[in-house]
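Below is one structure, written out as structure tokens, with a few remarks after it.
So you know, we letter chains A, B, ... as the sequences are listed, proteins then strands, and number each from 1.
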Amino acid sequence: MKEFLCGSVFFGMFISVFAYEIGLLIKKKWKLAILNPLLISILLVMIFLILTGTDYEDYSTGAKYLSYLLTPSTVCLAIPLYRELAQLKKNWKAIGIGVLAGVLTSLGSVLLLASLFGFTHQQYVTLLPKSITTAIGMGVSEELGGIVNVTVAAIIITGILGNMIADMVYSLFRIQEPVAKGLALGASAHAVGTVKAMQMGEVEGAISSLAIAVAGIITVAGASIFANFL
Amino acid sequence: MKYMKQFCIIMGISFFGELLKFILPFPIPASIYGLILMFGALLSGVIPLKEVESAADFLVAIMPMMFIPAGVGLMAEWDSLSGIWLQLLLIIVISTVAVMAVTGRITQWLIRHDRKKGGMEK
């Protein structure tokens with residue numbers, strides 16, 4: 001049985017999609033912000049793997065094909081962006097300044113907190129790209145001499161957290177403009193934040209996907225400057 | 001047959017994104033090059049919106065589940081996280097709230113400021 005599961009392509013895919021379905025059902029039933037379908041499905045798969053003594057590598061044999069779809073899907077984020085071209089044209093100045101402010105806040109807050117906690121230079125640069133999309137973040141971390149695996153972990157935790165807390169942060173800070181909501185989700189929580197923005201509306205989703213690309217590119221330059229500060 | 005052509009275009013652009021990543025020296029992933037290429041193709045009219053729309057909407061709709069394997073992957077990174085997990089979590093929580101609030105507030109203020117100014121000119 002174990003040998004079969006190790007080689008199975010659809011085992012990992014099936015339990016991932018099945019766990020997400022359960023996550024959606026739980027969310028529908030209780031409607032609490034903390035019951036995030038993505039978080040629930042990740043925890044369910046982890047519990048399942050631990051209880052059955054399955055290695056992550058065996059799960060990953062099939063589940064990795066789900067991740068391969070991320071590249072074409074990110075390419076497709078251009079479609080909602082194109083449909084919302086009018087919003088982009090009308091608000092390009094606000095969007096540009098907003099993303100820049102977001103990137104500076106991200107880098108600045110990591111600098112402040114890392115020096116507060118007495119982090120080493122290596123630990124600090126590992127966290128600098130935490131708010132941007134995984135593929136760019138890995139490159140930045142590697143370039144600056146960070147621990148790439150920890151960077152990837154931090155990026156994923158940041159994304160899931162941003163996805164979970166967006167509704168709360170927006171009502172707390174009275175952020176109501178669809179463009180501002182989408183931009184803030186993309187700049188703080190990359191593609192996992194965009195997933196949440198898509199659920200809020202087409203404008204939010206479109207602007208959020210734009211923010212991923214712009215914040216990612218600004219961070220490449222900004223992180224290499226901020227790396228000198230600690 | 002509609003979907004075949006649409007998926008073909010999307011896979012084609014993803015491939016060109018990979019090619020750009022291979023040629024250019026920047027730490028920018030294939031997916032971002034692809035996004036820019038696709039946006040440019042739509043803007044210039046090389047690819048009409050209806051030629052990719054259905055397949056693209058489907059892929060975007062099922063995107064959340066593509067993050068599950070990476071999330072479960074945190075399990076395998078536990079050894080490198082165990083020493084600093086509390087500080088790491090604190091930094092992530094504080095910084096993410098700060099980025100979200102600052103980006104949202106500034107953008108909202110600028111949009112409303114522009115709108116008010118535009119309204120007065122009329």
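With a 4.5 Å cut-off on side-chain heavy atoms, Leu90(B) and Leu113(A) do not count as touching. Side-chain atoms of Arg83(A) and Glu53(B), non-hydrogen and from C-beta on, do get closer than 4.5 Å to each other. Residues Ile111(B) and Ile95(A) form no side-chain contact, since every pair of their non-hydrogen atoms from C-beta on lies 4.5 Å or further apart. Using a 4.5 Å heavy-atom cutoff, the side chains of Leu81(A) and Phe39(B) are in contact. Side chains of Met198(A) and Val60(B) form a contact here, defined as non-hydrogen atoms less than 4.5 Å apart. Contact annotation: the side chain of Ile10(B) approaches that of Cys76(A) to within less than 4.5 Å [non-hydrogen atoms, C-beta and beyond]. Residues Asn91(A) and Asp114(B) are not in side-chain contact: their nearest non-hydrogen atoms beyond the backbone lie 4.5 Å or more apart. Between Met63(B) and Leu69(A), the closest side-chain pair of non-hydrogen atoms is not below 4.5 Å.
Comparing Leu42(B), Val97(B), Val93(B), Ile106(B) by heavy-atom pairs within less than 4.5 Å of chain A, the highest count is held by Leu42(B). The choice from Met65(B), Arg105(B), Met100(B), Met38(B) that makes the most heavy-atom pairs within less than 4.5 Å of chain A is Met100(B). Each of Phe7(B), Phe67(B), Phe58(B) has some count of heavy-atom pairs under 4.5 Å with chain A, and the biggest count is that of Phe67(B). Between chain A and the options Met75(B), Gln87(B), Met66(B), heavy-atom pairs under 4.5 Å are most frequent for Met66(B). Between chain A and the options Asp57(B), Leu37(B), Leu89(B), Ile84(B), heavy-atom pairs under 4.5 Å are most frequent for Asp57(B). Chain A forms the most heavy-atom pairs under 4.5 Å with one residue out of Val52(B), Leu59(B), Val72(B), Ile36(B), and that residue is Val72(B).
Side-chain contact check for Ser109(A) and Ser95(B): at least one donor-acceptor pair (N or O, by modelled atom type) lies under 3.5 Å.
Interface remark: Leu49(B) contributes side-chain atoms only to the contact with chain A (heavy atom separation under 4.5 Å). The part of Val102(B) that comes within reach of chain A is its side chain, from C-beta onward, which places non-hydrogen atoms under 4.5 angstrom from that chain.
At distances below 3.5 Å, not a single donor-acceptor pair connects side-chain atoms of Glu177(A) with backbone N or O atoms of Gln108(B). Not a single donor-acceptor pair under 3.5 Å links the side chain of Gln123(A) to the backbone N or O of Leu88(B).
Annotation: side chain to side chain donor-acceptor pair (under 3.5 Å) contacts of Glu18(B) (sequence neighbours excluded): none.
When all heavy atoms are compared, the tightest approach of Thr96(B) to Gly162(A) is CG2-CA, 4.1 Å. Taking every heavy atom of both residues into account, Ser14(B) and Val75(A) meet most closely at OG-CG2, 3.8 Å. Closest non-hydrogen pair, Thr103(B) versus Gly98(A), comes out as CG2-O, 3.4 Å. The shortest non-hydrogen separation linking Pro64(B) to Tyr20(A) is CB-OH, 3.2 Å.
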